[in-house]
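Numbering of residues begins at 1 and proceeds along the displayed sequence.
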Amino acid sequence: MKKILLVLGLLLCVASQMMAQDKVVPMYRIGGHYFSKELPMDEAFKISSSIMALADKDSNRVVNLLVGDDFKVPESIKKYEIPFERVLNGKQLEEGAQNFDKMKKLINSTDVEKFIVGKALPDDFAEKDIDGKTWTK
């Protein structure tokens, strides 16, 4: 009986370790693509020197290199790319990147009409607060 419990315990440890290895915390996000820490920093910063940090609920941090919409992953760094399905908390990281893009567009907007106090919000207005509640018009 003790041997069976020991074997079951070891199997449980191995299974949990294998599940943990399935997801990866990336080091870089470049144009919606995620890359491992093995990507040399000088290679990453050849692509862009404009950066911001992204964080998930577990306090994992990812360096987000800001690139244009027409970005294509260079062949030289494809071997470091992590498929999105393997990125730990990938949806949270993407939400953070999208929120940054929205803020950047608002800040750089020349449409002064958007910022008039008392003006109605657009019909398609919908935003989530930090508690996950969606606010609409």
Side-chain angles (χ1 to χ4, degrees):
M1 185 67 165
K2 286 183 181 180
K3 286 183 180 181
I4 292 173
L5 288 174
L6 182 63
V7 169
L8 286 174
L10 287 172
L11 286 174
L12 184 61
C13 288
V14 169
S16 66
Q17 184 68 19
M18 288 175 68
M19 288 176 67
Q21 289 176 351
D22 190 40
K23 296 287 184 173
V24 178
V25 176
M27 176 63 99
Y28 303 102
R29 178 188 181 274
I30 308 173
H33 300 267
Y34 290 87
F35 297 91
S36 68
K37 63 183 175 189
E38 284 77 23
L39 172 62
M41 190 179 290
D42 61 332
E43 284 291 317
F45 286 99
K46 282 181 191 175
I47 295 167
S48 176
S49 59
S50 297
I51 64 168
M52 67 165 287
L54 295 173
D56 64 15
K57 66 178 181 178
D58 299 327
S59 299
N60 296 309
R61 299 215 183 288
V62 176
V63 175
N64 186 25
L65 281 85
L66 307 175
V67 294
D69 293 336
D70 59 342
F71 173 76
K72 302 255 187 293
V73 178
E75 284 296 322
S76 61
I77 67 169
K78 280 189 177 183
K79 64 184 174 187
Y80 304 108
E81 189 169 1
I82 302 168
F84 184 75
E85 303 79 44
R86 292 198 52 227
V87 174
L88 182 66
N89 299 325
K91 288 182 181 178
Q92 288 177 30
L93 296 171
E94 281 303 303
E95 283 179 13
Q98 289 171 3
N99 286 339
F100 175 78
D101 288 340
K102 285 180 189 177
M103 290 299 285
K104 191 167 115 181
K105 285 177 186 171
L106 284 172
I107 290 168
N108 294 327
S109 175
T110 57
D111 186 3
V112 179
E113 293 294 315
K114 289 181 184 176
F115 303 108
I116 294 177
V117 175
K119 182 180 178 205
L121 294 169
D123 290 333
D124 61 347
F125 176 81
E127 288 296 326
K128 281 187 181 179
D129 65 16
I130 59 174
D131 297 321
K133 180 178 178 181
T134 302
W135 294 85
T136 61
K137 186 175 179 184

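- Residue pairs meeting the salt bridge (Lys or Arg N to Asp or Glu O under 4.0 Å) criterion with at least one partner in residues 58-74, sequence neighbours excluded, do not occur; the list is empty.
- Taking 4.5 Å as the limit, every side-chain heavy atom of Tyr34 sits out of range of all side-chain heavy atoms of Val24.
- A donor-acceptor pair is defined here as one N or O able to donate and one able to accept, closer than 3.5 Å; such a pair exists between the side chain of Lys23 and the backbone of Glu85.
- Using a 4.5 Å heavy-atom threshold, the side chains of Val62 and Asn60 count as separate.
- Clustering of Ile, Leu, Val, Met, Phe, Trp and Tyr side chains at separations under 4.5 Å places Ile47 together with Met27, Tyr28, Ile30, Phe35, Leu39, Met41, Phe45, Ile51, Val63, Leu65, Val67, Phe71, Val73, Ile77, Tyr80.
- Partners of Lys102 under the side-chain hydrogen bond (donor to acceptor under 3.5 Å, both in side chains) rule, at least two apart in sequence or in another chain, are Glu127.
- To the nearest 0.5 angstrom, Leu88 atom CG is 10.5 Å from Ile82 atom CD1.
- Residues meeting the side-chain hydrogen bond (donor to acceptor under 3.5 Å, both in side chains) test with Glu75, sequence neighbours left out: Lys78.
- Distance check, rounded to the nearest 0.5 Å: CG of Asn99 to CG of Leu54 gives 10.0 Å.
- Contact between Ala55 and Leu93 at its shortest, heavy atoms only, is C-CD2, 4.0 Å.
- Taking all atoms of both residues into account, the shortest heavy-atom contact from Asp56 to Gln92 is CB-OE1, 3.2 Å.
- Checked against salt bridge (charged side-chain N to carboxylate O under 4.0 Å, His left out), Glu94 has the following partners two or more places apart in sequence or in another chain: Arg29.
- For Glu43, the side-chain hydrogen bond (donor to acceptor under 3.5 Å, both in side chains) criterion is met by Lys46, not counting sequence neighbours.
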